[in-house]
Amino acid sequence: MKVLVIGSGGREHALTWKLACSGKVKKIFIAPGNPGTGELGENIPIEALDFSALVKFAREEGIDLTIVGPEEPLVKGIVDRFQEEGLRIFGPNQEAARLEGSKVYAKWFMKKYRIPTAEYEVFEDAEEAIEYIKGKELPLVIKAEGLAAGKGVIVARTLEEAVDGVNSILVDKVYGSAGIRIVVEEFLAGEEATILAFTDGKTIVHMLASQDHKQVYEKDQGPNTGGMGAYAPAPLVDEALMERVYREILLPTLRGLQGEGIDYRGVLYCGLMIKDGVPKVLEYNVRFGDPEAQVILPLLKTDLVEIAEAVIEGRLEKQQIEWHDKKALCVVMASGGYPGEYVAGKEISGLDKASSLPDIQVFQAGTKREGDRLLTAGGRVLAVTATGDTFKEVIEKAYEAVDQIYFPDFHVRRDIGWKIFKDQEV
Ligand code: AMP
Ligand code: GLY
């Protein structure tokens, strides 16, 4: 069959890599893709939000299945558009994608269906928000309602930070229409974990737990990024906790969606805060995480096409989903300066050498090809993923591969996986 992947990041390279392992897939197209996906399939120069061109391409090329990587096309209704044309596509429709597209909606939904999450209020007026904040204990968390590429969340530890945060979103409109409203919520302490799940709207099946490393510097210091590294399966989420997540979060979310008459088919991402064994939802996303996909997909034994078809056709209950009994860890190599300003166009060397190491996949994100040179073209440039039998082994392997790669002013966190060992001797 012919498959189309939408997107151009490390997650989409990992999706393409996994699809390329499928015996069912004859050809993969990626729109727009990156040089890494171009080695596994054919990149098509169509942007992820150009729905008309994507639909036209899918029809003319006879695409059997389309898989959407990023949130923006989902929130803007790409799935509805493809379905109207009778094209098969994996991902939630526009109504379902509101769980990520509007934090106000997601909070309302969680409250209505008693899904554990932080207490919150919604504001449109900056002065009212500031009055409210003055009567509350700090820290508090301030979130722009809409999509802000992972940047619309401010953890305010002082009143000044809170006031600046409110004003930047509601008055200065730094996130434009994504910041017409804000959610102000209680700060939750604890440790974060990501639980991804497949759902066909009737059954929900969790994947392996993973952990992202959001902050740019070691020991989780500095501003949040899209993610500087990840690993799976996260030891923090043992069987008992996963059972609790299923009972208190995944199943009530599915029942809530059904209660709202929403037919959710695709991947659901639950960003959790866990304290003393109690999980609470920080956010929903409606797609694979990036870089979580780069560690989850290499551990997935079952053919992703089989699962995607079962989800689309509503037969997930009968679909086997198997995992390799291994660990995976990924280290993101970023442009120096990211998530702030950085200079792109730097030459990357050593990638072939790194990729040829055993149990290493180098997923490309912000890269571009110019002649036979590979250049940086984004904040997160590469996601170097190792698989192996122990976390100690995958950490060593991943950094060994990272050390083969060079581009001027690159930045990596040297401590990806540190939480695995924080309570014990290595
Ligand atoms: P979100 O996009 O809502 O997941 O927020 C991004 C990041 O901000 C999360 O991964 C957390 O690190 C942090 N965060 C969000 N909400 C809270 C909260 N209520 N308490 C503590 N940290 C939070
Ligand atoms: N790694 C966080 C996200 O994909 O939203």
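All figures in this text were calculated on a predicted structure; none of them were measured in a lab.
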Determine whether the side chains of [X] and [Y] contain a donor N or O and an acceptor N or O closer than 3.5 Å.
X	Y	answer
Ser102	Glu145	yes
Ser22	Asp303	yes
Thr253	Tyr284	yes
Glu192	Gln211	no
Thr37	Asn43	yes
Glu292	Thr194	yes

Centroid separation [X] to [Y] less than 6.0 Å:
X	Y	value
His213	Tyr231	yes
Phe29	Phe57	yes
Tyr342	His411	no

**Prompt:** When you measure from the centre of the six-membered ring of Tyr105, is the NZ or CZ of Arg98 under 6.0 Å away and within 45° of the axis?
**Reply:**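 The answer is yes, since Arg98 meets both limits relative to Tyr105.
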**Asked** Taking the six-membered ring of Tyr269, is NZ or CZ of Arg287 closer than 6.0 Å to its centre and within 45° of its axis?
**Response** yes
**Message:** What's the separation between atom CD1 in Ile67 and atom CD1 in Ile30, rounded to the nearest 0.5 Å?
**Reply:**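 If I round to the nearest 0.5 Å, the distance is 11.5 Å.
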**Item:** Ile348, Thr376, Val412 screened by side chain to side chain contact (heavy atoms under 4.5 Å, CB included) with Leu382, the one that passes
**Value:**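 Going through Ile348, Thr376, Val412 one by one, the side chain to side chain contact (heavy atoms under 4.5 Å, CB included) with Leu382 is satisfied by Ile348 alone.
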